[in-house]
Amino acid sequence: MTQFVTTTEMLTLEDYTMNDFEIPQEVLIERAAIAVQEVIGAGSFNLSHILVLVGLGNNGADGIALGRLLHQQGLSVALQFVGNLNRAKASVHKQLEIAKHCGLHPSEKSDFKEATLIVDAIFGTGLNNPLPEGLQKMMKAANHIDNDVIAIDTPTGINPNTGEVMGAALKAHTTVALGYPKIGLRKNQGRKYCGDLVVKDIGVLTPDTFAFSL
Ligand SMILES: NC(=O)C1=CN([C@@H]2O[C@H](COP(=O)(O)OP(=O)(O)OC[C@H]3O[C@@H](n4cnc5c(N)ncnc54)[C@H](OP(=O)(O)O)[C@@H]3O)[C@@H](O)[C@H]2O)[C@H](O)CC1
Ligand SMILES: [K+]
């Protein structure tokens with residue numbers, strides 16, 4: 001039986017892993033990237049040109065690390081930031097520096113139609129409001145293009161706890177849940193937007209005494 005969690009529970013377990021066991025956040029980000037790379041490698045996706053849509057939080061950091069790994073595999077990868085990079089978390093800037101050192105630089109404006117595979121690394125469990133208008137338009141437009149979308153942790157626009165669409169959401173062919181799947185992926189529209197749900201262990205530790213609420 002798959003254990004689903006709330007975002008609060010996921011944050012508690014992430015903190016437990018990073019603070020009690022001193023496992024650096026970069027390790028979790030790298031393992032998240034490797035996990036999604038494995039799902040991509042195991043699937044039958046068209047990898048001719050991969051567009052990674054990157055947000056300003058740790059979901060975005062996961063996406064940049066993944067883009068770097070795919071680039072190092074020799075694949076054609078474009079990184080496109082969604083939002084003002086100046087407002088990004090330190091983890092995003094760190095991953096961007098590493099990616100640049102590895103020869104992968106962010107693109108200005110990518111044409112979604114050129115991408116044969118889109119990686120959704122815009123929002124994950126940190127989504128806390130309806131998407132900004134511009135992003136809602138982008139998600140609705142992207143949903144009409146016939147290419148596969150792989151969502152990192154949660155489909156952007158889906159409330160990770162309730163499964164509601166927050167203005168608009170990007171429909172995924174596959175969602176790679178990190179650690180534990182979030183309860184929103186099996187409620188309301190979450191189930192429809194997440195597509196095939198793959199749960200990947202990325203080394204998040206759980207206390208024996210932890211009481212899951214679900
Ligand atoms: N599960 C794990 O062990 C790990 C998960 N990781 C990844 O981290 C994300 C969660 O990262 P987080 O930085 O908390 O949040 P997001 O990246 O989802 O969101 C980015 C920030 O965007 C802001 N935000 C939220 N909603 C909106 C909105 N509607 N409009 C504009 N901006 C929004 C919010 O910032 P605030 O300042 O507004 O709070 C978010 O912080 C998780 O999903 C995993 O992918 C780790 O990388 C690895 C371990
Ligand atoms: K996402």
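Throughout, residue positions are numbered sequentially from 1 according to the sequence presented. The basis for the numbers below is simple: all heavy atoms, side chains too, and nothing from hydrogens, waters or symmetry mates. Both counts, for ligands and for their atoms, begin at 1 and track the order of listing.
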Partners passing side-chain hydrogen bond (donor to acceptor under 3.5 Å, both in side chains) against T125 (at least two apart in sequence or in another chain):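 Residues passing side-chain hydrogen bond (donor to acceptor under 3.5 Å, both in side chains) with T125: none at all.
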State plainly whether one hydrophobic cluster holds both L178 and L127, where clusters connect Ile, Leu, Val, Met, Phe, Trp and Tyr through side-chain heavy atoms under 4.5 angstrom apart.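 No, it is not one cluster - the side chains of L178 and L127 are not joined through contacts under 4.5 Å.
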Heteroatom proximity flag, L28 to ligand 1, N/O under 3.5 Å: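 Among all N and O atoms of L28, none is under 3.5 Å from an N or O of ligand 1.
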Do any nitrogen or oxygen atoms of G124 come within less than 3.5 Å of a nitrogen or oxygen of ligand 1?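 Min N/O separation from ligand 1 is below 3.5 Å for G124.
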Is any NZ, NE, NH1 or NH2 atom of the basic residue among R31 and E38 found under 4.0 Å from an Asp or Glu carboxylate oxygen of the other?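 Looking at R31 and E38, the cut-off is not met.
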Under 4.0 Å between a Lys/Arg side-chain N and an Asp/Glu carboxylate O for K100 and E97?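 So K100 pairs with E97 through a salt bridge.
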Ligand 1 atoms in contact with [X] (distance to a heavy atom under 4.0 Å):
X    : value
V204 : 3 (O)
P130 : 29 (N)
D153 : 42 (C), 43 (O), 44 (C), 45 (O)
I29  : 47 (O)

Taking atom 17 (O) of ligand 1 as the reference point, report whether a protein heavy atom occurs under 4.0 Å from it.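 Answer yes: something from the protein, a heavy atom, is under 4.0 Å.
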Atom 37 (O) of ligand 1: any protein heavy atom closer than 4.0 Å: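 No, there is none.
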Determine whether the aromatic ring centres of F21 and Y16 lie less than 6.0 Å apart.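 Centroid distance F21-Y16: below 6.0 Å, so yes.
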Can the ring centroids of F212 and F4 be said to lie less than 6.0 angstrom from one another?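 No, the ring centres sit 6.0 Å or more apart.
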Given that the side chain starts at C-beta and the backbone is N, CA, C, O, which of these parts of [X] lies under 4.0 Å from ligand 1, counting heavy atoms, or is it both or neither?
X    : value
L178 : both
M10  : side chain
L135 : neither
N58  : both

Listing by chain and number, what protein N/O/S atoms are under 3.4 Å from the K ion (ligand 2)?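 Only N59 OD1, D120 O, D120 OD1, F123 O, I152 O, T154 O fall inside 3.4 Å of the K ion (ligand 2).
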Answer with yes or no whether [X] contacts ligand 1, where contact means a heavy atom under 4.0 Å from a ligand atom.
X    : result
I202 : yes
A61  : no
P132 : yes

Heavy atoms only: which of [options] lies closest to [atom]?
atom                    : options               : answer
atom 41 (O) of ligand 1 : E26, K89, K182        : K89
atom 25 (C) of ligand 1 : G55, A151, G179, G126 : G126
atom 27 (C) of ligand 1 : V82, L56, N128, V5    : N128

Any luck finding a side-chain donor-acceptor pair between N159 and N161 under 3.5 Å?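 The criterion, which ignores hydrogens and geometry beyond distance, is not satisfied for N161 and N159.
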Which atom names give the shortest non-hydrogen contact between A168 and K140, and what distance separates them?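 What the structure gives for the nearest pair is CB-CE, 3.8 Å.
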Heavy-atom pair of closest approach, residues I122 and M139: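 That closest heavy-atom pairing would be CD1-CE, 3.7 Å.
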